[in-house]
Amino acid sequence: MTDKLLQSLRDKYKNGEKIRILFVCLGNICRSPAAQGIMQSVIDAHGDTDRFFLDSAGLYGGHAGDLPDKRMRVHAIRRGYSLTHRSRKIHECDFDDFDLVIGMDDANIDGLRRLAPTLEDEAKIVRMTDFLRRLPYYDSVPDPYYEGAEGFEHVLDLLEDATESLFDQIAR
Ligand code: 4NP
């Protein structure tokens, strides 16, 4: 995230304007709905529920309307996160509606850059792993869809680290 973008988010937060964040992955049934649910928990725990608006979406629309993958929901609920988002495909107009558009891996970032209508919109695209603090040596949140339990746990470890740090950067 550029200094300019971070500063604009901090200013919005300080001025009491809602910060709007969209999390994006491929299917919007594993990583991005988990990111949304975990970030919402972080925000709620800080009493900042009304200061943020979160959503998530997928570059592939084949799961539109579905709840998150059952395996993702099972692993998430064990850590206290109830994932109830319904999958949807990202649209160009999402760039108008969100301040920050966060992708999980290289393919997501490439797809988002292709979709961004303007350079200004493209500047809203950031990578989830840029926010890692405790696990800084990872550069993507890998797709767990064809992985076992460890894949889902790894996604949750990365997302917990990145969302806490994202919140701190904006609101602290
Ligand atoms: P996600 O995982 O991008 O983290 O939601 C995936 C889920 C489904 C598919 C790919 C990735 N799929 O191709 O169906």
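Both ligands and their constituent atoms are indexed starting at 1 by order of listing. Keep in mind it's a predicted model, so treat the numbers as computed, not measured.
- Taking only nitrogen or oxygen atoms, main chain and side chain alike, Cys25 does not reach within less than 3.5 Å of ligand 1.
- Of the protein's non-hydrogen atoms, the one nearest atom 4 (O) of ligand 1 is Arg31 NE, 2.8 Å.
- No hydrogens or angles considered: a donor-acceptor pair under 3.5 Å links the side chains of Asn28 and His85.
- If you chain together hydrophobic residues whose side chains sit under 4.5 Å apart, Phe167 and Phe23 fall into the same group.
- The protein heavy atom nearest to atom 10 (C) of ligand 1 is Leu26 CD2, 3.6 Å.
- Annotation: atom 12 (N) of ligand 1 to nearest protein heavy atom, His63 NE2, 3.7 Å.
- Only backbone heavy atoms of Asn28 (N, CA, C or O) come within less than 4.0 Å of ligand 1; its side chain stays farther off.
- In this structure, Arg71 is positioned above the aromatic face of Tyr145, its NZ or CZ under 6.0 Å from the six-membered ring centre and within 45° of the axis.
- Those atoms of ligand 1 that come under 4.0 Å of a heavy atom in Cys30, given as number and element, are 1 (P), 2 (O), 4 (O), 5 (O).
- Side-chain atoms of Asp161 and Tyr138 include no donor-acceptor pair closer than 3.5 Å.
- Polar contact check, Tyr146 against ligand 1: no nitrogen or oxygen pair lies under 3.5 Å apart.
- Contact check on Arg10 versus Asp3 returns no salt bridge, with no Lys/Arg side-chain nitrogen under 4.0 Å from an Asp/Glu carboxylate oxygen.
- Ligand 1 places these atoms under 4.0 Å from at least one heavy atom of Gly27: 1 (P), 3 (O), 5 (O).
- Other residues, nucleotides and ligands contribute only 12 or fewer heavy atoms inside 6.0 Å of the NZ atom of Lys89.
- Looking only at heavy atoms of the protein, atom 2 (O) of ligand 1 is closest to Asp143 OD1, 3.2 Å.
- Between Phe152 and His75, the ring-plane angle classifies as parallel under the 30° and 60° cut-offs.
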